[in-house]
Amino acid sequence: MKKLLLSVAFLSFMATNAQTVIWSDDFNDQDITDWTLVDADGDGLNWAAVQIIDEEEEPVGTPMLRSASWNSVLGPLTPNNWIISPAVDLSNYPAGSTVNLNWFVKASDADWDAEKYSVYVSTSNDPTVMVTSAISMTETTLDGFNELSARTLNIGALAGEAVVYIAFRHYDSSDMFTMEIDDVSVTGTALSTEDFFRNNLTMYPNPVNDVLNIDAKSGVINNITVTEINGRTVKNIDANGLSTSRVNTGDLTSGVYFVTVQTAEGKGTSKFIKN
């Protein structure tokens, strides 16, 4: 029988303890109204969230996304099907943070599995812009991937962005069968404030007598807070959006202090010693 639907071993993605799930969709509710569908080939068919069933009409795994390159009524299809996620907020993950896109993918029929798809990640949800994104991945064939298989794409270049979109595109395939996507998630490990300071700011001299200089390696400084080691705030300075700031430390008693610097890209903390 052509286009035999095989059983699928269901797998679920488990994030490591070090990572936080920022956003996810497992499609179990079969509701994709918050996603954007683009039928670029104009055949009226597109991605859908479906519950796969076997030949005995028993459910196989859980619902997942499906796009077809063959239809039992229409025959061969030439899909150019897009599904674009709702906006994902990465603003709590400053530049330098680890952020990954994770998903599972398969082609259903081992005899008809030469499906091609691409993944694009962008700050725009316009397909004509998304295809030019440097953050993308293409699998030219799913030959041999007939059970859900894990994929990961590093999207850390977009860390800090408040609006990020993910698109799956099924295209350049015909007369195969179907491909499926499941358990899409974005996970991240935020850069520590100490690492952010080290990567983005310079502070000198340390130890300091009268004036502490803080320079942004790029961008500008918005605010500076100085606290004692017990947590009490002793200075709160509006840095006026300049790339360099001078903090008067002459009125501070000798000891260890923490300085926290807020920039448009994130917040960094470091320690200094007042002589």
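The chain is numbered in sequence order, starting from 1. The analysis underlying the following values was restricted to heavy atoms, covering all of them including side chains, and did not include hydrogens, waters or symmetry mates. Every value quoted in this text rests on a predicted model; they were computed, and no experiment measured them.
- In terms of modelled atom types and a separation under 3.5 Å, the side chain of T249 and the main chain of D210 share a donor-acceptor contact.
- Minimum interatomic distance between N222 and G241 (heavy atoms only, all atoms of both residues): OD1-CA, 4.0 Å.
- One side chain, T225 or N223, offers a donor N or O that lies under 3.5 Å from an acceptor on the other.
- Of all heavy-atom pairs between P205 and N213, the closest is CD-ND2, 4.1 Å.
- Counting only distance, with no hydrogens or angles, the side chain of T78 and the backbone of S174 share no donor-acceptor pair below 3.5 Å.
- Between the E115 side chain and the F177 main chain, a donor and an acceptor come within less than 3.5 Å of each other.
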Worked check of side chain to side chain contact (heavy atoms under 4.5 Å, CB included) between S67 and Y117: CA-CA 10 Å; S67 178; Y117 80 103; over 6 Å; no
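- Looking at heavy atoms from C-beta onward, V259 lies out of side-chain contact with V247 at the 4.5 angstrom threshold.
- Atoms CD1 and CZ, on I181 and F27 in that order, are 8.0 Å from each other to the nearest 0.5 Å.
- Note on residues 151-168: pairs passing salt bridge (Lys or Arg N to Asp or Glu O under 4.0 Å), not counting sequence neighbours, are E139-R151.
- Note that the OH atom of Y120 and the CD1 atom of I166 stand 14.5 Å from one another [nearest 0.5 Å].
- The two atoms that bring P76 and D175 nearest to each other are CG-OD1, 3.7 Å, heavy atoms only.
- Both V184 and I135 are assigned to one and the same hydrophobic cluster, defined by single-linkage of ILVMFWY side chains at heavy-atom distances under 4.5 Å.
- Without hydrogens or angle criteria, S133 side chain to M130 main chain gives no donor-acceptor distance under 3.5 Å.
- In terms of modelled atom types and a separation under 3.5 Å, the side chain of N200 and the main chain of K217 share no donor-acceptor contact.
- Between the NZ atom of K116 and the OG1 atom of T140 there is a distance of 7.0 Å, given to the nearest 0.5 Å.
- Two residues are said to be in side-chain contact when any heavy atoms from C-beta on lie closer than 4.5 Å; L212 and V226 fail this criterion.
- Expressed to the nearest 0.5 Å, how far OG of S245 lies from CD1 of I224 amounts to 3.5 Å.
- Judged as a salt bridge (Lys or Arg N to Asp or Glu O under 4.0 Å), the pairs with a partner in residues 223-251 (not counting sequence neighbours) are, in order, E228-R232, K235-D251.
- If you chain together hydrophobic residues whose side chains sit under 4.5 Å apart, F196 and L90 never meet in one group.
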Pair N154-T152, side chain to side chain contact (heavy atoms under 4.5 Å, CB included): steps then yes or no: CA-CA 7 Å; N154 179 353; T152 297; over 6 Å; no
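- At distances below 3.5 Å, at least one donor-acceptor pair connects side-chain atoms of N71 with backbone N or O atoms of V73.
- Side chain to side chain, T269 and T260 meet the donor-acceptor criterion of an N or O pair below 3.5 Å.
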I would like to know whether M176 and L142 meet side chain to side chain contact (heavy atoms under 4.5 Å, CB included); could you show each step before the answer? CA-CA 11 Å; M176 291 291 110; L142 289 175; over 6 Å; no
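- Counting only distance, with no hydrogens or angles, the side chain of N100 and the backbone of T187 share no donor-acceptor pair below 3.5 Å.
- The two residues P63 and Q51 come nearest to each other via the heavy atoms CD-OE1, 3.1 Å.
- If you check the side chains of D183 and N102, you find no donor sitting under 3.5 Å from an acceptor.
- Screening residues 35-47 for side chain to side chain donor-acceptor pair (under 3.5 Å) gives D25-W35 as the qualifying pairs, with residues at least two apart or on separate chains.
- Here OG of S118 is found 8.0 Å from CH2 of W82. Values are rounded to the nearest 0.5 Å.
- Between the side chain of S149 and the main chain of E147, a donor-acceptor pair closer than 3.5 Å is present.
- Rounding to the nearest 0.5 Å places CD1 of I84 at 8.0 Å from OG of S124.
- Residue T123 is tested with V163, L158, V129 for a side chain to side chain contact (heavy atoms under 4.5 Å, CB included); the sole match is L158.
- M137 and V105 fall within the same hydrophobic cluster, defined by Ile, Leu, Val, Met, Phe, Trp and Tyr side-chain heavy atoms under 4.5 Å apart, directly or through other members.
- A pairwise comparison of heavy atoms in S85 and V88 identifies OG-CG2, 4.4 Å as the closest pair.
- F197 and Y93 fall into different hydrophobic clusters, where Ile, Leu, Val, Met, Phe, Trp and Tyr side chains are chained together by heavy-atom contacts under 4.5 Å.
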Pair V220-L242, side chain to side chain contact (heavy atoms under 4.5 Å, CB included): steps then yes or no: CA-CA 5 Å; V220 297; L242 301 176; 5.9 Å; no
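- No donor-acceptor pair closer than 3.5 Å links the side chain of T62 to the backbone N or O of N28.
- The minimum heavy-atom distance between S108 and E180, with the atom names listed, is OG-OE1, 2.7 Å.
- Hydrophobic clustering places W23 together with V121 (ILVMFWY residues linked when any side-chain heavy atoms are closer than 4.5 Å, directly or through intermediates).
- S91 and D89 share a donor-acceptor pair across their side chains, judged by distance under 3.5 Å alone.
- A donor-acceptor pair under 3.5 Å links the side-chain atoms of N206 to the main chain of K271, judged by distance alone.
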